Amino acid sequence: MKVALVSEGTYPYAMGGVSVWCDQLVRGLPDYRWEMVALTVDGSERQVWPSPDNLDRVRSIPLWRPRPVGRGRPGGAFGAAFAEFVGALVTPVPPGSDAAARTRGQFLAALRGLHAYATDGGDLESALLSPAALTAMMDAWRGIRVDEAQGLSLADACDAAWLIAHMLRPLAAEPVRADVVHSSMNGLSTLVGMAAKWRHGTPLVLSEH
């Protein structure tokens with residue numbers, strides 16, 4: 001059995017309670033093979049925990065490392081997924097309502113579409129920062145929040161797109177190959193498991209320490 005354990009800002013590059021828990025989990029199951037997938041800042045972090053014998057690989061996915069952004073216009077597949085993505089983000093829905101359930105489904109489908117775009121050869125980060133994406137974001141805001149006095153400015157859209165591009169980097173990384181993905185926390189770490197689920201059908205387990 002091979003398990004891909006996912007962390008964000010913790011093991012094996014930092015000390016603390018979550019890191020202790022991750023190390024105990026790996027060492028406490030010596031008959032399992034492990035791969036550590038760590039969401040990091042810029043990839044310059046140094047490993048501070050020695051790797052147990054059953055930890056085969058430590059992989060870093062930097063969220064904030066600068067990288068060249070390609071040119072060109074994103075294709076239609078990106079446009080459709082991104083329109084669903086921003087629509088789900090800006091649509092106000094009452095918690096627990098049928099509308100909230102539909103919006104969650106829309107959001108998940110959009111994430112899967114963005115992942116598919118990236119793994120089919122598209123430059124996801126360039127697409128998210130493209131004029132087409134900024135226009136779609138501003139149009140979605142104006143179309144849904146028409147009663148608000150303050151609209152979404154181009155500067156606001158640029159800031160939001162820049163943050164989204166960094167946060168969605170796990171969707172553009174090569175999906176892990178394992179028998180199960182175990183996320184040590186909710187949020188961005190689960191994107192690694194979702195990508196593996198979509199690409200390889202890998203089960204995802206979430207158990208915050």
Side-chain angles (χ1 to χ4, degrees), residues 1-14 16-41 43 45 47 49 51-52 54-64 77-78 81-82 84-85 88-89 93 95-96 100-120 122 124-125 128 163-209:
M1 172 72 75
K2 180 179 178 180
V3 181
L5 180 61
V6 189
S7 69
E8 180 185 352
T10 57
Y11 187 81
Y13 298 108
V18 176
S19 293
V20 171
W21 179 84
C22 289
D23 188 66
Q24 290 175 337
L25 185 62
V26 175
R27 293 180 185 276
L29 295 170
D31 295 333
Y32 288 66
R33 307 308 303 179
W34 295 80
E35 175 177 345
M36 194 70 217
V37 183
L39 304 187
T40 59
V41 177
E45 296 83 358
Q47 187 169 331
W49 290 83
S51 294
N54 57 333
L55 179 57
D56 297 329
R57 181 188 181 192
V58 176
R59 177 184 175 191
S60 170
I61 300 179
L63 299 181
W64 296 97
F78 169 81
F82 187 71
E84 292 292 303
F85 177 79
L89 284 182
V93 292
R102 288 193 298 270
T103 300
R104 284 196 300 271
Q106 175 185 346
F107 184 70
L108 289 174
L111 288 177
R112 185 167 187 173
L114 295 175
H115 165 70
Y117 173 80
T119 56
D120 287 342
L124 182 58
E125 190 158 346
L128 290 167
L163 291 171
I164 290 170
H166 283 283
M167 295 301 99
L168 295 187
R169 281 186 175 180
L171 292 182
E174 180 63 28
V176 296
R177 289 186 176 273
D179 295 303
V180 64
V181 175
H182 187 170
S183 179
S184 64
M185 60 192 71
N186 203 345
L188 300 183
S189 295
T190 60
L191 294 179
V192 175
M194 291 162 66
K197 174 69 175 179
W198 294 329
R199 174 63 70 87
H200 306 303
T202 310
L204 169 62
V205 175
L206 168 65
S207 59
E208 298 197 11
H209 83 292

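Only a predicted model underlies this, so the values are computations on that prediction, with no experimental measurement involved.
- Contact annotation: the side chain of Y11 never approaches that of V20 to less than 4.5 Å [non-hydrogen atoms, C-beta and beyond].
- Counting all heavy atoms, side chain and backbone alike, V93 lies closest to A100 at CG2-CA, 3.8 Å.
- Residues satisfying the salt bridge (Lys or Arg N to Asp or Glu O under 4.0 Å) test with E35, not counting sequence neighbours, are K2, R57.
- Between R59 and E174, some side-chain heavy-atom pair lies under the 4.5 Å cut-off.
- At least one donor-acceptor pair closer than 3.5 Å links the side chain of S19 to the backbone N or O of A14.
- Side-chain atoms of Q24 do not come within 3.5 Å of backbone N or O of C22 as any donor-acceptor pair.
- Annotation for R27: atom CZ counts as buried by contact number, over 12 foreign heavy atoms lying within 6.0 Å.
- In this structure, V26 and V3 have side chains that are not in contact, with every pair of non-hydrogen atoms separated by 4.5 Å or more.
- Without hydrogens or angle criteria, T202 side chain to K197 main chain gives no donor-acceptor distance under 3.5 Å.
- The closest donor-acceptor contact from the side chain of T190 to the backbone of G187 lies under 3.5 Å.
- Here the shortest heavy-atom pairing between S184 and L5 reads CB-CD1, 4.4 Å.
- A donor-acceptor pair under 3.5 Å is absent between the side-chain atoms of H182 and the main chain of V205, judged by distance alone.
- Taken from OG1 in T103 to CD in E84, the straight-line distance is 10.0 Å, to the nearest 0.5 Å.
- Taking each heavy atom of D179 and P203 in turn, the nearest pair found is O-CD, 3.3 Å.
- When all heavy atoms of A110 and A81 are compared, the closest pair comes out as CB-O, 3.5 Å.
- Atoms CZ and CG, from R169 and L39 in turn, are 11.5 Å apart once rounded to the nearest 0.5 Å.
- Counting only heavy atoms from C-beta outward, the side chains of M194 and L191 approach each other to under 4.5 Å.
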